Amino acid sequence: MNTAIWISLLASVVVAATPLLLAATGELVCERAGLLNLGVEGMMAVGAVCGFIGAFHTGNAYVGLLVGVAAGAVCGLLFAWLTVQLVADQVATGLALTILGHGLSGFIGHGYAGASIAGLKPLALPGLAQIPLLGPILFDHTLPVYAALLLVAGVHWFLTRSRAGLTLRSVGEDPKVSYSLGLRVYAVRYAAAIFGGAMAGFAGAFLSTAYTPMWAEGMVAGQGWIAVGLVVFATWRPLRLLAGAWLFAGVGIGQLFSQAVGFALNTYLLSALPYLAVLLALVLISRDPLRIRLNTPASLGRPFRAET
Amino acid sequence: MSSRRDFLKKAAGLTAAGALGSLPLSALAAEGYYKIPLKKPLKIGFVYIDPIGNIGWSYQHELGRQYMDKMLAGQVESTFVENVSDARAEAVFRQLASSGHQLIFTTSFSYMNPTLKVAKQFPNVIFEQATGFKTAPNMGNYNARFYEAQYLTGLVAGAMTKSNKIGYILPFPIPEVYRVVDAFTIGLHEVNPKATVSTVWVNTWYDPSKEREAAQSLVASGADVIATHTDSPAPMQVAEAHGIYAIGQDSNQLKYGPKAQLTGVIDTWGPYYVETARRVLEGRWKPESTWGGLKSGMVELAPLSPVIPQETVDLVMKRKAEIEAGTFNIFSGPLYDQKGELKVAAGKALNDGDLLGLQWFVKGVEGKAS
């Protein structure tokens, strides 16, 4: 393989990792606040259909992205209302949200299946895009690709350096103690869930307005579940999330590239490679179980009710 | 005299009516026809595996249904159920059969066994299942020779490629897929012996993201024409964005690649649905395995792009006419497999049986035959 193919391969990996990164970063923040939201797949589907419809009617894919983000945020709000306010079981609520999102997206998008839009155009960043090798790999993409990278950096900073991030983490570790210290546990969890939903919606809208500019039922195709898995893989750390998303997308695209250039292997094995790679990485990480346990938000999945 | 004639007529009519009511159905099948006590208008049900949408496999079946409704207006009344997963299929078939539908089209390969099961429970309902191979007294099947049109698109790809590398995105290693890739490659080599076909298996019928990534990989590896046997228009979008060509699949995909689409394969089920409904209405239906091609109209070639040179257009039209007339066999020897081994000798050709079990790639196809 020559350099041009390698550049093209790596650029494709950066783009393919984008929906995973967006959705997983949102979920990471949500989980860090103690809420386990398994509805990412459904929220992405809603974001994808609403984003597409927004772009279709305004003729502007950026408006579509915003509509997708807003729709995802509404899903996050719904999740927060059910699990924080009504103290519903988080796992069951998340699963229900996935099923609801699937059904709802099919219903909303019924008349739009197969319609086509122009889609987001790549924005080559002046100066940066001209850097040899790195430029075409990192800096010649659509807006959400940059947004996802900035988001990871921003969330990393937020969680480790900011006071608000500290509050969010303490709510996720021990809501009771946080509450007794006067922290606004409910507000923090609401905000985290809405942020998580908005990012899932963003990820879905990226699929339907930029990656494959179209709407069709089932187009999210399990990427929301992969995003949830990546959060565990990353042991709740944003920078590891970036590594995980690139690894997963890289192995997935790598196997398609290897076929395209005539490298023959069993294709079922090749299709399983991304999952095998993540499993292997999980096994390697799990060799130090203490570090994972120390990093898992202690109240993850546990309901909290303020004592009155 | 006249009264006696009337009496004879009536008697004959009564006998026939009695037969319908009491005799076992097999006794009626004197000419091989399977007859059911028909209510008019004939209620017809269609079951689709996906949401209909505006493009793709189920959409093409829905177009067929609408065509049938128009052609047989007043004689038939049809309904459809879309997005029926394999798990729900049996229940949906049973519901349609017990609500008075007397002809039911089940339009997915995966519906074969559920259709057979429900057909046995409803002997007074006729079932027609798409792309399977099993039949029963009241169940037939139908499929299309997509490969005939794909051979013609191969002629076009051979004339249009500059890099001599064609990319082909493939779903699963089943005979239908080997047939279309082989037929395409035979057409490709007829006009351009130097061109090769690079294959990428995606192991899915429908996943826009994965199909997009496969198309990107093929473009990066130097392909300048993309063909696919998967269902989403994502590969067409990739071709359009990269300024290269693509071959459409299932539906006319021109709106996804106004510059990219050279031509394509279009599934057209309407005429078959009209014919089958007519046979049931006239008591001429029997369980058959139908495998129609260009001649029957079940497969059509999408409009040829204006960028294709006239001599290629002429060749395509000539071969199309020959296939329809039955004077040209796409799979005639000599044919070599990927390793260069002679599989079909000169003067010989593959027959339908060989084609239905085809599991190998012809020479010129790169990538592994799973």
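Protein chains get the first letters and strands the later ones, always in sequence-line order, with residue 1 at the start of each. Note that this is a predicted model, so its numbers are computed, not measured. Side chains included, hydrogens not; waters and symmetry mates left out as well; all remaining heavy atoms used.
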Completion exercise
Cut-off 4.5 Å, heavy atoms of chain A, and the answer for Thr199(B) is backbone

Fill in the blank from the handout: Greatest number of non-hydrogen atom pairs under 4.5 angstrom with chain A, of Asn203(B), Ile169(B), Thr196(B), falls to Asn203(B)

Fill in the blank from the handout: Most heavy-atom pairs under 4.5 Å with chain B, out of Ser12(A), Pro213(A), Gly119(A), belong to Pro213(A)

Handout entry: Parallel, tilted or perpendicular: ring planes of Phe248(A) versus Tyr275(A), cut at 30 and 60 degrees
Key = perpendicular

Problem - Interface moiety of Tyr206(B) toward chain A, non-hydrogen atoms closer than 4.5 Å - result: side chain

Practice task
Go through Ala221(A), Gly109(A), Ala16(A), Ala113(A) and name the one with the most non-hydrogen pairs under 4.5 angstrom from chain B.
Solution key: Ala113(A)

Exercise for the section: For Arg212(B) and Thr212(A), test the side chains for any donor-to-acceptor distance below 3.5 angstrom and give the result as yes or no. Expected result: no

Fill in the blank from the handout: If you tally heavy-atom pairs under 4.5 Å between each of Gly111(A), Ala4(A), Ala115(A) and chain B, the highest tally belongs to Ala115(A)

Handout entry: Under 3.5 Å donor-acceptor, Glu217(A) side chain and Gly106(A) backbone
Key = no

Handout entry: Residue part contacting chain B, namely of Ala216(A), when any heavy atom lies under 4.5 Å
Key = both

Exercise for the section: Check the surroundings of atom NE2 in His57(A): do more than 12 heavy atoms from other residues, nucleotides or ligands lie under 6.0 Å from it? Expected result: yes

Exercise for the section: Verify the distance criterion only: is there a donor paired with an acceptor across the side chains of Gln60(B) and Ser251(B) at less than 3.5 Å? Expected result: yes

Atom pairs and distances, side-chain donor-acceptor, residues 19-26 of chain A, under 3.5 Å, sequence neighbours left out:
unit_1: Thr25(A); atom_1: OG1; unit_2: Leu21(A); atom_2: O; d: 2.5

Exercise for the section: Against chain A, label Glu211(B) side chain, backbone, both or neither, depending on which of its atoms sit under 4.5 Å from a heavy atom there. Expected result: neither

Problem - Any donor-acceptor pair under 3.5 Å from Trp57(B) side chain to Ile49(B) backbone - result: no

Practice task
Could you tell me whether a side-chain N or O of Glu41(A) sits under 3.5 Å from a main-chain N or O of Gly222(A), the two making a donor and an acceptor?
Solution key: yes

Problem - Validation row: Trp201(B), Val177(B) side chains within 4.5 angstrom (heavy atoms) - result: yes

Exercise for the section: Mind checking the OH-CG spacing from Tyr147(B) to Leu358(B)? Nearest 0.5 Å is all I need. Expected result: 10.0 Å

Exercise for the section: Among the options His110(A), Met214(A), Gln255(A), pick out the one with the most heavy-atom pairs lying under 4.5 Å from chain B. Expected result: Met214(A)

Fill in the blank from the handout: Contact list (residues 215-237 of chain B to chain A, heavy-atom gap under 4.5 Å, by number) returns Gln216(B), Ser217(B), Leu218(B), Ala220(B), Ser221(B), Pro233(B), Ala234(B), Gln237(B)

Problem - Under 3.5 Å: donor-acceptor pair, side chain of Tyr112(A), backbone of Ile53(A) - result: no

Problem - Largest heavy-atom contact set with chain B, pairs under 4.5 Å, which of Ser116(A), Gly218(A), Gly252(A), Ser8(A) - result: Ser116(A)

Problem - Proximal component of Asp50(B), with respect to chain A [non-hydrogen, under 4.5 Å] - result: neither

Practice task
Please work out which of the three classes, parallel, tilted or perpendicular, describes the rings of Phe46(B) and Tyr48(B), given edges at 30° and 60°.
Solution key: tilted

Problem - chain A contact via Lys165(B) - which portion, at a heavy-atom distance below 4.5 Å - result: side chain

